[in-house]
Amino acid sequence: MLPMKWNELVTDLIGCGMTQQEIGAAVGLSQSSVSDIARGLTKDVGWSVGASILSLHQSRTGKAVGDRACSSSFSLPGTTGFYPRRAFH
């Protein structure tokens, strides 16, 4: 099994508009801990934090791990359909 690249997941979340502070609040870490993960200084995040990062990444990007782009659509909890995000022109 290949090691998880936590820094890439955190970088994806930042690229999707989240701050390190917001990521930390969502997964139970301080902003400085999120920064260490993003810079690759922390490579092992532990099971519960890892599960939280994976879940947050999936919900914010709409992509499985390995698909590294922000989602252009989202689904409401309890629904099966996708709804386009509001476009700002």
Side-chain angles (χ1 to χ4, degrees):
M1 180 195 297
L2 295 174
M4 184 63 64
K5 295 182 179 179
W6 300 111
N7 62 321
E8 290 181 5
L9 299 179
V10 169
T11 301
D12 285 349
L13 291 168
I14 293 168
C16 289
M18 291 189 79
T19 66
Q20 292 178 355
Q21 183 92 21
E22 291 170 332
I23 296 166
V27 302
L29 294 174
S30 67
Q31 175 275 322
S32 62
S33 293
V34 174
S35 176
D36 288 347
I37 294 168
R39 293 183 293 146
L41 300 177
T42 300
K43 302 205 186 296
D44 182 14
V45 298
W47 189 89
S48 63
V49 170
S52 295
I53 292 172
L54 287 170
S55 177
L56 182 63
H57 184 270
Q58 174 89 34
S59 69
R60 290 297 180 124
T61 66
K63 303 288 182 182
V65 174
D67 295 337
R68 300 191 57 210
C70 296
S71 175
S72 61
S73 63
F74 66 95
S75 62
L76 298 174
T79 66
T80 58
F82 284 87
Y83 303 90
R85 285 190 178 167
R86 184 176 176 177
F88 295 96
H89 299 287

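Note that this is a predicted model, so its numbers are computed, not measured.
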- Message: How long is the straight-line distance from OG1 of Thr11 back to NE2 of His57, given to the nearest 0.5 Å?
- Response: 9.5 Å
- Query: Any sub-3.5 Å donor-acceptor pair from Ser55's side-chain atoms to Ala51's backbone N or O?
  - Reply: no
- Note on the structure: Here the salt bridge (Lys or Arg N to Asp or Glu O under 4.0 Å) pairs for residues 32-58, sequence neighbours left out, are Asp36-Arg39
- Message: For Ala38 versus Asn7, what's the shortest heavy-atom pair and its separation?
- Response: O-CB, 3.5 Å
- Query: Just by distance, with hydrogens left out, do Gln21 and Gln31 show a side-chain donor and acceptor under 3.5 Å apart?
  - Reply: no
- Message: Measuring only between side-chain heavy atoms, which start at C-beta, is Met4 closer than 4.5 Å to Val45?
- Response: no
- Note on the structure: Paired with Val34, the side chain to side chain contact (heavy atoms under 4.5 Å, CB included) test is passed by just one of Leu13, Ile53, Ile23, Thr42, namely Ile23
- Task: Report the distance from atom OG of Ser35 to atom CG of Leu29, rounding to the nearest 0.5 Å.
- Result: 11.5 Å
- Query: Atom CG of Leu9 and atom CZ of Arg60: how far apart are they, to the nearest 0.5 Å?
  - Reply: 14.5 Å
- Would you mind listing every salt bridge (Lys or Arg N to Asp or Glu O under 4.0 Å) that reaches into residues 13-22, with sequence neighbours excluded? none
